[in-house]
Amino acid sequence: MKLVINELRCKGCNLCLTVCPYKIFTEGKKPGVRGYVMPVLDRPERCTNCRLQKLYQRQLCGMCQTICPDQAISWVEEKPFELKKVEIEY
């Protein structure tokens, strides 16, 4: 699974930045399709849902998706054999 921000729905409120315990978002610099400055996925490999949701078969965090007022954040299945970076924390 990987995290995706829908550019057509996001209005740049940046609530996801404030609630993410893994700090995977940063403030965007340039406007998106609709003119809003969207957050950027800086380090999505730290997200436990992205890394472990398939293994445990349940949602592990989901704070960003829950707090998003526009429902612009979702997870999508990755393509088979798609390269991905994983960060392991000790």
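Since this is a predicted model, take the numbers as computed values, not measurements.
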Any heavy-atom pair between the side chains of [Y] and [X] that's under 4.5 Å?
X	Y	value
I73	V4	no
P69	L15	yes
R43	K23	no
C61	Y22	yes

Quick one: pull up [atom1] in [X] and [atom2] in [Y] and give me the separation to the nearest 0.5 Å.
X	Y	atom1	atom2	result
L3	C20	CG	SG	8.5 Å
L8	D70	CG	CG	11.5 Å
F25	N14	CZ	CG	10.0 Å
K11	M38	NZ	CE	14.0 Å
K2	C47	NZ	SG	13.5 Å
Q65	I5	CD	CD1	12.0 Å

- prompt: Hey, mind stepping through V37 and E27 against side chain to side chain contact (heavy atoms under 4.5 Å, CB included) and telling me if it holds?
  reply: CA-CA 8 Å; V37 179; E27 284 192 43; over 6 Å; no
query: If you look at every heavy atom in P39 and L17, which pair is closest and at what distance?
result: CB-CD1, 3.6 Å
- request: State, to 0.1 Å, how close R34 and C10 come at their nearest heavy-atom pair, and which atoms those are.
  value: NH1-O, 4.2 Å
- prompt: Would M63 and L41 show up in the same hydrophobic cluster when neighbours are defined by side-chain heavy atoms closer than 4.5 Å?
  reply: no
